[in-house]
Amino acid sequence: MPSPGLPPPAAALLADVGALRRSSRGGVASLSASARALHGLAVAAGYAGDTFVASAFTKLYSTLSRGDDARKVFDAVPSPDTVLWNTLLAVLSRSEAMEAFVRMVRAGSAQPDSTTLSSVLPAAAEVADVTMGRCVHAFGEKCGLAQDEHVVTALISLYAKCGDTECARRLFDRMVVPDLVAYNALISGYSVNGMVGLSVELFKDLVTLGLRPTSSTLVALIPVHSPFGHEQLTRCLHAYVVKAGFDANAPVLTALTTLYCRLNDMDSARKAFDAMPEKTMESWNAMISGYAQNGLTEKAVALFQKMQALNVPPNPLTISSTLSACAQLGALSLGKWVHKIISKENLELNVYVITALIDMYVKCGSIVEARRIFDRMDNKNVVSWNVMISGYGLHGQGAEALKLYKDMLDANLLPTSSTFLSVLYACSHGGLVEEGRTAFRSMTSHYGFTPGIEHCTCMVDLLGRAGRLKEAYELISEFPKSAIGPGVWGALLAACMVHKDADLAKLASQKLFELEPENTGYYVLLSNLYTSKKQYSEAAGVRQEAKSKKLVKTPGCTLIEIGDKPHVFMAGDRAHPQSDAIYSYLEKLTTKMIEAGYRPDTEAALYDVEEEEKEHMVKVHSEKLAIAFGLLNTEPGTEIRIIKNLRVCLDCHNATKIISKVTQRLIVVRDASRFHHFRDGVCSCGDYW
DNA sequence: GTAGGGTTAG
């Protein structure tokens with residue numbers, strides 16, 4: 001209810017805001033226009049500085065996923081009161097809320113109350129900042145607010161989330177009569193820490209006491225944070241959910257959807273999702289991000305399209321997840337479409353969304369567009385920098401990556417271990433050996449990180465590519481034991497293959513066959529190496545061994561988009577309607593290519609171990625088909641973009657270089673590990689991939 | 001006009 005002292009127009013305004021908010025349940029972004037109009041009226045009527053009106057609008061904008069607008073409303077109030085501060089704190093996330101709390105205490109004009117602490121503590125809990133949490137706890141003790149039921153519950157949750165379940169339990173046991181919410185907090189605390197037995201026990205206590213579990217109780221019980229090893233419990237819980245009549249409850253089914261996604265059981269996840277008659281924003285987001293994180297990118301995009309078709313407006317989180325799917329898919333036209341939706345729906349461009357956009361443009365081949373967005377971004381965080389640095393690495397622009405890394409340090413940002421991975425990767429793919437060594441050293445000695453598997457793999461790759469095989473081999477012995485595995489030996493083997501060192505290759509393979517007997521790739525590499533050294537019987541032996549293990553090679557395929565339509569080609573594919581035209585064009589093209597100096601390289605055929613040799617001579621790799629199709633169906637001068645699921649082979653790499661020359665086209669190829677930009681007979685990777 | 005427990009992101 002509006003406050004009694006407020007003049008009638010303001011009271012009416014607050015009523016309108018309330019009505020708008022109630023109608024917006026589920027986060028209806030299209031309502032933000034009405035919200036803005038109403039807010040405009042309020043400002044025009046002179047209420048911009050009124051704490052009651054500001055509080056209502058702050059909350060309204062937050063409901064509409066417009067954190068930026070909510071903050072602006074707050075900033076327009078010269079002397080915010082306690083309630084307005086509290087509203088802001090509830091809107092802000094994580095570190096922002098904690099910073100704002102510090103500002104509030106420093107400003108001293110409005111006294112924090114129990115509501116204030118109940119808003120700040122969850123923020124500290126979310127980032128598991130136990131130090132900050134303890135400070136707030138001490139502050140509460142000093143002000144006599146620490147006995148408040150809401151505050152105690154928030155503290156229970158905080159300590160539990162920070163891993164101190166014993167402290168949480170002590171607080172719980174000290175409560176005179178813990179209510180349902182306090183139970184829920186501790187149940188969730190145990191669950192988050194994987195102490196599923198204790199959380200189930202507490203749940204039983206609660207039922208015995210005659211408290212009625214709510215959807216929040218069940219959500220707390222669902223072990224989304226430690227799903228593995230709890231498949232049995234998951235089934236029991238699901239059965240209980242049905243029995244207790246929560247089988248259409250959105251929060252509960254959303255949590256189950258999430259849990260199944262984490263268990264990689266996508267069919268069950270989808271069933272839980274479909275069982276919700278009324279889906280919330282969270283339900284859609286859980287399913288879409290679940291698909292995206294499990295690599296089911298087409299399904300993620302399809303679900304987003306369904307959401308669009310049903311006129312359910314997305315929020316920033318939906319967009320981030322969908323963009324992540326587009327990035328993995330490499331589908332630029334889809335990514336651009338999502339980009340347009342952001343403007344159409346007038347969604348908040350928060351740091352997640354912009355970073356996801358940059359990542360999408362990078363992975364869909366538009367490094368220039370990615371950089372444009374990055375430069376215009378004024379709220380960059382470490383992840384934004386990491387994404388851009390790794391983008392340059394992916395596109396083989398090592399020097400640019402290093403320059404950006406330096407800018408990042410100059411901007412006083414602390415690099416994370418992902419930053420170093422991006423830098424090392426960029427050095428490796430750019431042939432920057434000394435720079436890579438320096439970065440690796442500073443990572444451990446200056447920044448105190450323990451190198452992970454990925455970092456070590458990158459270093460072996462870096463030295464190995466540069467032909468410093470012995471150094472690479474010696475470096476392995478300096479790595480932490482936890483990092484020495486198939487990744488590191490695989491990198492060494494690949495380098496041995498490039499530089500044709502059969503002895504070291506044999507050593508690396510031996511390790512690999514022990515570590516990963518199921519992986520075909522290593523057999524392929526070794527066999528290929530023997531062949532290139534004309535050690536045919538050794539090569540045959542390795543291939544025989546691979547065959548006897550019935551190892552299956554992932555079939556290669558290439559995607560190309562013409563207009564908005566994707567076309568996928570497999571090796572030797574004749575399924576495409578334009579197949580005849582493609583093959584005859586390819587024949588003509590090959591003649592021209594040979595005139596320009598192209599020599600077909602059949603060594604590449606030996607990659608396909610499990611196939612009959614003669615088949616390879618006939619088969620055409622999928623990237624050649626896709627390029628020919630692209631050339632046939634686009635105007636001269638248009639650039640061609642293709643995406644291959646495996647790494648591009650040597651022959652196709654050579655062929656593409658020549659094609660870019662004889663046709664005068666820019667050809668951008670995304671393979672399994674990086675981008676190649678072919679222009680006028682030269683590839684951006686410098687034949688160094 | 002505000003708050004404690006739960007699900008979603010780069």
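For clarity, every value in this text was computed on a predicted model and none was experimentally measured. Numbers restart at 1 for each chain; the letters A, B, ... are given by sequence-line order, proteins then strands. Atom set for the values below is all heavy atoms of this structure, side chains included, hydrogens, waters and symmetry mates excluded.
The side chain of A/N350 has B/dA9 as its nearest neighbour among B/dT8, B/dG4, B/dA9. Comparing B/dG5, B/dT2, B/dA9 against the side chain of A/P122 picks out B/dG5 as the nearest. The side chain of A/V83 lies closest to B/dT2, out of B/dT8, B/dT2, B/dG5. Minimum atom distance to the side chain of A/S119 is reached by B/dA3, of the listed B/dG5, B/dA3, B/dT8. Of the candidates B/dG10, B/dG5, B/dA9, the closest approach to any side-chain atom of A/D359 belongs to B/dG10. Counting only heavy atoms from C-beta on, A/S289 has its side chain closest to B/dT8 among B/dG5, B/dT8, B/dG10. Listed candidates were B/dG5, B/dG10, B/dT7. Nearest to the side chain of A/A356 is B/dG10. Closest approach to the A/S384 side chain among B/dT7, B/dG5, B/dG10 is made by B/dG10 (side chain taken as heavy atoms from C-beta onward). Checking B/dG5, B/dA3, B/dG10 against the side-chain heavy atoms of A/A90 singles out B/dA3 as nearest. Nearest to the side chain of A/S157, among B/dT7, B/dT8, B/dG5, sits B/dG5.
Across all strands shown, A/D179 has heavy atoms under 4.0 Å from base atoms, whether or not it also approaches the sugar-phosphate. Note on A/V383: a base of the nucleic acid sits closer than 4.0 angstrom, heavy atoms only. If you check every strand for non-hydrogen atoms under 4.0 Å, A/S188 touches sugar and phosphate atoms only. Residue contacts shown for A/T116 are absent, as no nucleic acid heavy atom lies under 4.0 Å away. A/D113 comes within 4.0 angstrom of nothing in the nucleic acid, heavy atoms only. Within the 4.0 angstrom heavy-atom criterion, only backbone atoms of the sugar-phosphate kind lie near A/K161; the bases stay farther away. As judged by a 4.0 angstrom heavy-atom cut-off over every strand, A/V351 is placed among the base-contacting residues. Nucleic acid contact class of A/S114 (heavy atoms, under 4.0 Å, all strands): base. Residue contacts shown for A/T51 include a base, since a base heavy atom lies under 4.0 Å away. Here A/L84 lies in heavy-atom contact (under 4.0 Å) with a base.
Here A/K279 does not reach the OP1 or OP2 of B/dT8: none of its side-chain N or O atoms lies under 4.0 Å away.
One interatomic measurement links the two molecules: CG of A/N184 to C1' of B/dA3, which rounds to 16 Å at whole-angstrom precision. One atom, CZ of A/R262, and another, P of B/dT7, lie 8 Å apart when rounded to the nearest Å. Counting to the nearest Å, the C1' atom of B/dT2 and the CD atom of A/Q111 are 16 Å from each other. The nearest whole Å value for the distance from the NE2 atom in A/H225 to the C1' atom in B/dT7 is 8 Å. The distance from atom CG of A/D148 to atom P of B/dT2 is 17 Å, rounded to the nearest whole Å. With rounding to whole Å, A/M175 atom CE is found 12 Å from B/dG5 atom P. Look at CD on A/Q328: it is 13 Å from C1' on B/dA9, rounded to the nearest Å. One atom, CG of A/L347, and another, C1' of B/dA9, lie 13 Å apart when rounded to the nearest Å.
Residue-nucleotide stacking is not present for A/Y352 and B/dG10, judged by a side-chain ring centre under 5.5 Å from the six-membered base ring centre and planes under 30° apart.
A centroid separation of less than 6.0 Å is found between the aromatic rings of A/H238 and A/Y260. Annotation: A/Y405 is not in aromatic contact with A/W385 [ring centroid separation under 6.0 Å not met].
A side-chain donor from one of A/S283 and A/T254 sits under 3.5 Å from a side-chain acceptor of the other.
A/F203 is linked by a ring pair (Phe, Tyr, Trp, His ring centres under 6.0 Å) to A/Y240, counting only residues two or more places apart in sequence or in another chain. A/E141 is linked by a salt bridge (charged side-chain N to carboxylate O under 4.0 Å, His left out) to nothing, counting only residues two or more places apart in sequence or in another chain.
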Next item on the list: Kindly indicate, with the supporting measurements, whether the criterion ring-ring contact (aromatic ring centres under 6.0 Å, His included) is fulfilled by A/F139 and A/F101.
Entry: CA-CA 12 Å; A/F139 179 89; A/F101 174 66; 5.7 Å; yes
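Put simply, the side chain of A/S118 and the base of B/dG4 share no donor and acceptor less than 3.5 Å apart.
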